[in-house]
Participant: 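This is the structure I want to talk about, given as structure tokens.
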Amino acid sequence: MKEPDNKIIFIGTGGGRVVMSNQSRTAGGFILKLPTLQIHVDPGPGALSGTSKTKIAPAKTDIIIATHEHTDHANDINALINAMTLDGVNKRGVLVSVKSVIDGTEDDIASVRNHYKRQLQDIFTVNKGDKVKINDLTITATETRHDETDCIGVRVEGPDVSIGYTSDTTYFKDLYKEFKGISVLIINVLRPGSDRWKTHMCTSDAIKLIDDVKPELAIINHFGQKMINANPLLEAREIQKRTGVRTIAAQDGLSVNLEGIAQGRGVQTTL
Ligand SMILES: [Zn+2]
Ligand SMILES: [Zn+2]
């Protein structure tokens, strides 16, 4: 079967301190492979080595989006820029991220080294509400409430794509407004059931958000150890039962064909 050229590939689907230390799942983020652009979102540890295990070439990445400077979201940025530019031989690619990642903070250095910033064609520093247009794509930074003040989520929209990604955030009443009209919603759900952690969402929060946004497809992602122990597949099933929205639990290496969604043919996934 021909490989779809409009898909999401999950490189690493773990999150939080425990999973970072035991690597029961990696935290390499995910790739949007669109007909004209390849976007790597939140390249945490394992982003580069995880990508090389798929059919995706890291050298073909066009855009890196890092939503905040936590290690499980930004650790591999330098390695990824190195791969996509052949260490500066091909000056290319775009980084869309926040100030703490790009410039650092008062008491910490930036996640991206100056050496690698110089290898990029463009760098966009964004705050919530900002929009970046690249070719026919619009990337919008969305609001989060997380323990990193400039953390953002994103909407990625264009002729072939309508994807929202919450990144790390606690649930708040107006969160759904950030993702109104989105077809595919990727939600970072650290913990199962109603086991709330102050800076992240749990399954009950995801149910409320999906109920309000009503996407065509919801994908839960970025699991902590308690979530992995509870089995994300069962949590996704519960969310689907409660919301009536098709819900998938991401896995390291999972590929989700977006063409099926756009054409109303249902969702095809492969591992
Ligand atoms: Zn995280
Ligand atoms: Zn975080």
Side-chain angles (χ1 to χ4, degrees), residues 8 10-32 39-48 50 64-80 95-105 107-112 125-128 141-154 163-172 175 178-179 185-192 195-203 205-206 209 218-230 232 235 249-252 254:
I8 308 170
F10 287 90
I11 303 301
T13 56
R17 288 165 295 182
V18 179
V19 174
M20 274 278 286
S21 64
N22 68 19
Q23 289 287 294
S24 53
R25 293 195 184 203
T26 71
F30 59 91
I31 294 172
L32 304 178
I39 307 171
H40 199 132
V41 182
D42 277 353
L48 186 55
I64 298 171
I65 301 174
T67 60
H68 60 300
E69 60 83 45
H70 283 165
T71 301
D72 52 348
H73 296 255
N75 187 74
D76 272 15
I77 289 183
N78 294 306
L80 208 57
L95 173 65
V96 179
S97 191
V98 294
K99 196 169 185 308
S100 56
V101 169
I102 295 165
D103 300 323
T105 60
D107 64 1
D108 214 342
I109 58 166
S111 310
V112 197
T125 307
V126 292
N127 290 301
K128 67 173 180 182
T142 63
E143 183 177 357
T144 69
R145 308 239 172 116
H146 192 45
D147 55 337
E148 186 55 51
T149 48
D150 64 359
C151 176
I152 55 162
V154 283
I163 288 175
Y165 169 54
T166 62
S167 185
D168 290 354
T169 179
T170 187
Y171 175 83
F172 55 96
L175 181 56
E178 303 292 312
F179 298 104
L185 183 59
I186 303 169
I187 307 172
N188 285 2
V189 185
L190 193 81
R191 287 188 167 189
D195 191 353
R196 221 161 253 123
W197 180 247
K198 53 187 183 239
T199 52
H200 287 270
M201 280 190 271
C202 61
T203 296
D205 297 325
L209 180 61
I219 306 175
I220 56 171
N221 177 49
H222 206 61
F223 308 127
Q225 193 58 50
K226 285 186 174 182
M227 184 65 158
I228 292 168
N229 294 346
E235 297 294 305
Q251 294 180 57
D252 292 13
L254 182 78

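Counting starts at 1 for both ligands and their atoms, following the listed order. Because only heavy atoms are used, hydrogens play no part in the values below, and waters and symmetry mates are left out as well, while side chains stay in.
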Participant: Quick one: does any side-chain atom of Asp42 pair with a main-chain N or O of Ser167 as donor and acceptor, under 3.5 Å?
Facilitator: no
Participant: First locate atom OG1 of Thr71, then atom CZ of Arg17, and finally report the distance between them rounded to the nearest 0.5 Å.
Facilitator: 12.5 Å
Participant: For Asn188, enumerate each residue passing the side chain to side chain donor-acceptor pair (under 3.5 Å) test, keeping only those at least two apart in sequence or located in another chain.
Facilitator: Tyr165, Asp168, Asn221
Participant: Once rounded to the nearest 0.5 Å, what's the spacing between atom NE2 of His146 and atom SG of Cys151?
Facilitator: 5.0 Å
Participant: How many angstroms lie between atom OG1 of Thr166 and atom NE2 of His200, to the nearest 0.5 angstrom?
Facilitator: 10.0 Å
Participant: Is it the case that the side chain of Asp205 and the backbone of Tyr171 share a donor-acceptor pair, with hydrogens and angles ignored and the cut-off at 3.5 Å?
Facilitator: no
Participant: Report, as a single number, the protein N, O or S atoms less than 2.8 Å from the Zn ion (ligand 2).
Facilitator: 4
